[in-house]
2 protein chains.
Amino acid sequence: MPAAKYNSIKQFLFNEIASGRWPEHHRVPSENELANQFQVSRMTARRALQELADEGVLLRTKGLGSFVAPFKSQSSLVQVQNIEHEITQRGQRHHTELITLESRESDQEVSIALSLPIASPVFFAAIVHYQDDLPIQLEARYVNARLVPGFIEQDFSQITPHDYLSKILPLTEADHLVEAVLADRQTLHYLKLNPPQACLQLTCRSWTALGVVSYTRLTHPGQHFRLG
Amino acid sequence: MPAAKYNSIKQFLFNEIASGRWPEHHRVPSENELANQFQVSRMTARRALQELADEGVLLRTKGLGSFVAPFKSQSSLVQVQNIEHEITQRGQRHHTELITLESRESDQEVSIALSLPIASPVFFAAIVHYQDDLPIQLEARYVNARLVPGFIEQDFSQITPHDYLSKILPLTEADHLVEAVLADRQTLHYLKLNPPQACLQLTCRSWTALGVVSYTRLTHPGQHFRLG
DNA sequence: GAGTGGTCTAGACCACCCC
DNA sequence: GGGTGGTCTAGACCACTCG
């Protein structure tokens with residue numbers, strides 16, 4: 001089955017936004033312009049714009065046009081992804097320690113989570129977040145390299161991965177899984193804990209209209225971290 | 001401006017469902033049937049069905065038709081309080097073991113949680129919830145005795161505390177705290193675990209307009225319980 | 001007045017499902 | 001084969017915004 005025309009147009013529009021060529025509040029082509037450009041009827045061009053508006057990517061105003069919507073920040077659970085904000089808002093100091101940042105091929109778990117074929121190019125980042133001098137979060141993040149090719153060139157001592165992704169992409173949604181786990185050897189080491197140690201572990205996926213952007217495991221020491 | 005036709009059709013469909021005349025999985029009229037019935041084009045009838053499907057009210061299958069979607073249960077976190085519902089919905093058997101049900105005087109922690117003076121009359125219930133034969137939740141619940149005097153006379157092998165409270169009171173809200181803890185001796189015993197064991201612990205308070213009704217600690221074995 | 005998005009029409013072809 | 005939903009077309013009228 002061939003790709004639907006309205007979907008091609010959606011992807012074109014989304015790419016312009018995701019690549020940064022169209023910043024927030026940028027005016028996007030009108031229904032008629034897209035209809036001419038893609039040689040489709042106005043109803044088909046309209047559907048692409050309308051669905052992106054439904055997904056929160058565009059804002060449309062009668063008589064004015066369609067515009068790139070301001071990129072969303074977080075909802076309640078996503079605050080955990082934005083731990084820097086959490087910490088600084090409490091008046092404490094946040095800093096990070098970069099453990100690794102590298103290109104990998106997706107294994108089975110990551111492929112499933114990111115909806116990619118096995119051995120697809122992904123980036124992996126591991127970072128420890130500190131609240132004052134207390135290690136409070138171990139972040140292990142896989143990113144779809146095709147959707148965010150610039151990820152691996154970032155300086156994650158200056159910006160957190162979550163902030164970086166939020167700035168360049170309109171993240172439309174996220175799903176979360178919360179569980180309690182015993183810290184393994186690496187976690188004990190990076191979070192400077194002594195066994196046995198219960199940790200609160202969140203597994204999150206960030207979405208855009210084009211698919212899953214990142215798959216992240218956030219691990220927190222149980223005695224220093226609660227989710228309200 | 002007159003009401004949009006597609007909106008009138010949406011409201012008609014929604015009313016049939018909300019009134020109970022069309023139960024879950026009931027087949028709703030097809031696009032062509034609605035188009036005839038309301039004297040509109042198929043595209044307009046289609047829009048009504050499509051938007052209701054986007055909103056999760058209908059499920060549509062090519063070649064089959066459109067059907068009333070199963071009604072949503074409560075939000076994810078509240079499901080935890082209603083673990084019986086969770087378990088039975090997954091097609092597994094739920095039963096409970098009552099450990100204790102007694103009158104107490106509130107200590108400092110409970111007094112603060114229930115907004116009561118110290119040594120106020122409260123009821124305390126401890127219950128183990130089983131999923132099939134696996135202990136999956138240890139419930140420790142304090143209830144404001146003044147607000148729910150009948151609590152202590154209930155048979156909690158027949159009804160869960162949460163169901164009982166939901167039935168006699170309009171619970172307006174609940175707040176939750178999620179943390180990871182190492183199981184203590186009692187928890188290990190009642191949940192039949194071997195140390196060391198990480199547990200996901202939820203602390204919840206249920207409110208009505210009159211004040212805090214109950215203060216509950218729900219403890220789940222980490223390897224058998226996730227929060228989605 | 002020109003352009004925009006919002007609604008609507010009367011057709012069309014297709015893939016899918018069930019009989 | 002007949003009905004369903006999924007996609008698409010080439011028109012139309014409207015209310016709105018802006019210059």
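Computed from a prediction, not measured in an experiment: that's the story for all the values here. Letters A, B, ... mirror the listed sequences (proteins, then strands); counts begin at 1.
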Distance-only side-chain donor-acceptor flag, [X] / [Y], under 3.5 Å:
{"X": "A:Asp184", "Y": "A:Thr187", "answer": "yes"}
{"X": "A:Asp155", "Y": "A:Ser157", "answer": "yes"}
{"X": "A:Gln50", "Y": "A:Asp54", "answer": "yes"}

When A:Tyr142 is tested against each of A:Arg217, A:Glu109, A:Arg104 for side-chain hydrogen bond (donor to acceptor under 3.5 Å, both in side chains), which residue passes?
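Among the candidates, only A:Arg104 passes.
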
Option from A:Gln131, A:His129, A:Gln137 for which side-chain hydrogen bond (donor to acceptor under 3.5 Å, both in side chains) with A:His94 holds
A:His129

Whole Å only: how far is the [atom1] atom of [X] from the [atom2] atom of [N]?
{"X": "B:Lys10", "N": "C:dC8", "atom1": "NZ", "atom2": "P", "value": "12 Å"}
{"X": "A:Arg60", "N": "D:dA15", "atom1": "CZ", "atom2": "P", "value": "19 Å"}
{"X": "A:Leu59", "N": "D:dT17", "atom1": "CG", "atom2": "P", "value": "16 Å"}
{"X": "B:Glu31", "N": "C:dA10", "atom1": "CD", "atom2": "P", "value": "16 Å"}
{"X": "B:Lys5", "N": "D:dA12", "atom1": "NZ", "atom2": "P", "value": "17 Å"}
{"X": "A:Asp54", "N": "C:dG6", "atom1": "CG", "atom2": "C1'", "value": "13 Å"}
{"X": "B:Leu64", "N": "D:dT4", "atom1": "CG", "atom2": "P", "value": "11 Å"}

Is [X] near enough to [N] that one of its side-chain N or O atoms lies under 4.0 angstrom from OP1 or OP2?
{"X": "A:Tyr6", "N": "D:dC8", "answer": "no"}
{"X": "B:Lys62", "N": "D:dG3", "answer": "no"}
{"X": "B:Ser66", "N": "D:dG5", "answer": "yes"}
{"X": "A:Ser30", "N": "C:dT4", "answer": "yes"}

Cationic tip of A:Arg47 within the cone over A:Tyr6's six-membered ring, i.e. under 6.0 Å and within 45° of the normal?
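The answer is yes; both the distance and angle limits are met.
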
Hey, what do you get for OG (A:Ser166) to CD1 (A:Ile159), rounding to the nearest 0.5 Å?
8.5 Å

Tell me which residues in residues 34-50 of chain B put a heavy atom below 4.0 Å from DNA chain D, sorted by number, or none.
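When residues 34-50 of chain B is checked for heavy atoms under 4.0 Å from DNA chain D, the hits, listed by number, are B:Arg42, B:Met43, B:Arg46, B:Gln50.
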
Nearest listed nucleotide, side chain of A:Asn32, among C:dC17, C:dT4, C:dC8:
C:dT4

Listed nucleotide nearest any side-chain atom of A:Glu33, set C:dC17, C:dG6, C:dT4
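For A:Glu33, the side-chain atoms sit closest to C:dT4.
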
